[in-house]
**Q** 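Sharing a structure below in structure tokens format, with a few things to ask.
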Amino acid sequence: NGHIVRDACSRAGVGLSFAITCKHPTGTYLVVLSKQGELISAISDMSAIESLKPAQLEAVAHWLGQADMIAADCNIGADCLTWLAEYCAK
């Protein structure tokens, strides 16, 4: 899954040179919906995103400072979102 995202970003001109990666697979979410579109059941594996820690963000802060834009997946931990918000507010 991660390779598909990297390839799509590359084709779109989005640089991922400093993307943080881990040993866990790309996050996956599977849902079963009723005919009316209501949730019946769901399962997910978000171990990759759950493994992100503020120290990893701090380690790439120099590169974040050079970015034209910072976008975050809001499924990351509150500690990481807080770090990013505080960093961007500087």
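Keep in mind that what you see is a predicted model, and the values were worked out from it rather than measured. Atom set for the values below is all heavy atoms of this structure, side chains included, hydrogens, waters and symmetry mates excluded.
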**Q** Would you say V60 and I70 are hydrophobically clustered, going by side-chain heavy atoms of ILVMFWY under 4.5 Å?
**A** yes

**Q** Side-chain heavy atoms under 4.5 angstrom apart, residues restricted to Ile, Leu, Val, Met, Phe, Trp, Tyr: same cluster for F18 and W83?
**A** yes

**Q** Just so I know, are the side chains of D73 and M46 near enough to count as touching, which here means a heavy-atom distance under 4.5 Å?
**A** no

**Q** Which heavy-atom pair separates I76 from C80 by the least distance, and what is that distance?
**A** CD1-CB, 3.7 Å

**Q** How close do Q56 and S51 get, heavy atom to heavy atom, and via which atoms?
**A** OE1-O, 3.3 Å

**Q** Considering non-hydrogen atoms only, spot the tightest contact between L33 and G37 and give its length.
**A** CD2-O, 3.8 Å

**Q** Could you pull out all residues at least two apart from S47 that satisfy side-chain hydrogen bond (donor to acceptor under 3.5 Å, both in side chains)?
**A** D45

**Q** Taking atom CD1 of I43 as the centre, does the number of heavy atoms from other residues, nucleotides or ligands within less than 6.0 Å exceed 12?
**A** no

**Q** A side-chain contact here means heavy atoms from C-beta on lying under 4.5 Å apart; do I4 and T26 qualify?
**A** no

**Q** Check whether any side-chain N or O of S10 sits under 3.5 Å from a backbone N or O of R6 as a donor-acceptor pair, and report yes or no.
**A** no

**Q** Could you grab the distance from atom SG of C22 to atom CD of E50, nearest 0.5 Å is fine?
**A** 10.5 Å

**Q** Looking only at non-hydrogen atoms, find the nearest pair between L57 and L64 and report the distance.
**A** O-CD1, 4.1 Å

**Q** Between L16 and C9, what is the shortest heavy-atom contact and its length?
**A** CD1-CB, 3.7 Å

**Q** Going only through I, L, V, M, F, W and Y residues with side-chain contacts under 4.5 Å, is there a path from V14 to W63?
**A** no

**Q** Quick check: does any side chain N or O of Y87 sit under 3.5 Å from a backbone N or O of G65, one acting as donor and the other as acceptor?
**A** yes

**Q** For residues P54 and D79, report the shortest heavy-atom separation together with the two atoms involved.
**A** CD-OD2, 3.4 Å

